[in-house]
There are 2 protein chains.
Amino acid sequence: MMSDLRSLTEVDRLLHEPSRAVIVAILATVESADFVFLQRETNLTKGNLSAHLTKLQEAGYIQIEKTFRGKYPLTLCRLTDTGRQAFQAYRQKLRQFVEQTK
Amino acid sequence: MMSDLRSLTEVDRLLHEPSRAVIVAILATVESADFVFLQRETNLTKGNLSAHLTKLQEAGYIQIEKTFRGKYPLTLCRLTDTGRQAFQAYRQKLRQFVEQTK
DNA sequence: GTAGATAAGTTTGTATTGCAAACTAGTTTT
DNA sequence: AAAACTAGTTTGCAATACAAACTTATCTAC
């Protein structure tokens, strides 16, 4: 396992975007979260949240289920196993960088 | 001090680029480093290294001195106090994120 | 019953990037 | 004197992050 400073350059770019890292960090603590909840927690605009969720879904990191709460749309998101593993690897990469630097 | 998950979205974007974080991490360990040394250590192309160094300089994070080694150009880089402080803050932000997530 | 506000999203427009490839200027080798 | 090497800088382009505009449906006030 290569473990020098420059291994940070191989970091997962999808998760290295702070907004997405925060979204995934939240999803790592709950079994699922809806769009409105995520928007309140992240402070993102609806548009940007939507775009980030789509990217996470395309990468297979989250699963999105579209349904209804009463008469309104409900978008439920949950972290996949792939997503959880990627997030752990990402945290590990950050941890190593922080520990290896001064 | 705000210290929840979403404070990661306020991370220093200049340092949050892995290539630049690595450059700065290297410069944090030496009093100065030249272009050729940095290129070997980072594995960046000359073009991209040049561009990243220019950005770090524009932000006041590094100081660049152009001189000569014998007959060849020598570009010496050193971290400024501002740059060192920014890097410490960046490391702290990463550390907090890693510690606050699961 | 219809005009306007609200809910829950998606799509579009744009300016900024990170990266690869091309270029520059001088020096050494053949 | 042509080719190759050194030490960089500039250019071209595709990707992306964010804001603003748009969509579709529901609720409220008149």
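Within every chain, numbering begins at 1; the chains are lettered A, B, ... in the order of the sequence lines, protein sequences first and strands thereafter. Excluded from the calculations below are hydrogen atoms, water molecules and symmetry mates; all remaining heavy atoms, backbone and side chain alike, are included.
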J.: Let me know the distance between CZ of F68(A) and P of dA7(C), rounded to the nearest Å.
T.: 17 Å
J.: To the nearest Å, how far apart are L14(B) CG and dA17(D) P?
T.: 16 Å
J.: If I take atom CG in residue L38(B) and atom P in nucleotide dA7(D), what distance separates them, rounded to the nearest angstrom?
T.: 13 Å
J.: Closest to the K46(A) side chain: dT10(C), dC19(C), dG8(D)?
T.: dT10(C)
J.: Tell me the interatomic distance from H16(B), atom NE2, to dT16(D), atom P, rounded to whole angstroms.
T.: 15 Å
J.: Could you state the atom-to-atom distance from CD1 of I23(A) to P of dG9(C) in whole Å?
T.: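 These atoms are roughly 13 Å apart.
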J.: Is any side-chain heavy atom of P18(B) closer than 4.5 Å to a side-chain heavy atom of H16(A)?
T.: yes
J.: With a 4.5 Å heavy-atom cut-off, do V24(A) and L56(A) have their side chains touching?
T.: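 The answer is yes; the side chains approach within 4.5 Å.
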J.: What nucleotide, of dC19(C), dC18(D), dG9(C), holds the atom closest to the side chain of R13(A)?
T.: dC19(C)
J.: Which part of the nucleic acid, if any, lies within reach of E17(B) when heavy atoms closer than 4.0 Å are counted: base, sugar-phosphate only, or nothing?
T.: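 Sugar-phosphate, no base atom in range.
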J.: Is there side-chain contact between L44(A) and L38(A), with at least one heavy-atom pair below 4.5 Å?
T.: no
J.: Of the nucleotides dT10(C), dA8(C), dT9(D), which has the atom closest to the K66(B) side chain?
T.: dT9(D)
J.: If you check the S19(B) side chain, which of dT10(D), dC19(C), dA17(D) turns out closest?
T.: dC19(C)
J.: Would you mind classifying the nucleic acid contact of L49(B) as base, sugar-phosphate or nothing, using non-hydrogen atoms under 4.0 angstrom?
T.: nothing
J.: Go nucleotide by nucleotide along DNA chain D from the 5' end; which of K55(A) and K71(A) gets its closest nucleotide reached first?
T.: K55(A)
J.: I'd like to check R6(B) versus T42(A) (side-chain heavy atoms, cut-off strictly below 4.5 Å). Are they in contact?
T.: no
J.: For a quick check of understanding: with a heavy-atom distance under 4.0 Å over all strands, which category does R20(B) fall into, base, sugar-phosphate or nothing?
T.: sugar-phosphate
J.: Taking CG from N48(A) and P from dA8(C), how many angstroms apart are they, rounded to a whole number?
T.: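 Value for this atom pair: 18 Å.
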J.: Could you tell me whether T75(B) contacts a base, only the sugar-phosphate backbone, or nothing, with contacts defined as non-hydrogen atoms closer than 4.0 Å?
T.: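 Counting heavy atoms under 4.0 Å across all strands, the contact made by T75(B) is with sugar-phosphate only.
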J.: For E58(A) and dT10(C), what is the distance between atoms CD and P respectively, to the nearest whole Å?
T.: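 One finds 12 Å between P of dT10(C) and CD of E58(A), rounded.
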J.: Picking from dA7(D), dA8(C), dG9(C), which would you name as closest to the side chain of Y72(A)?
T.: dA8(C)
J.: Specify the separation, in whole Å, of atom NE2 of H52(B) and atom P of dG8(D).
T.: 16 Å
J.: For residues L27(B) and F87(B), determine if any side-chain heavy atom of one lies less than 4.5 Å from a side-chain heavy atom of the other.
T.: no
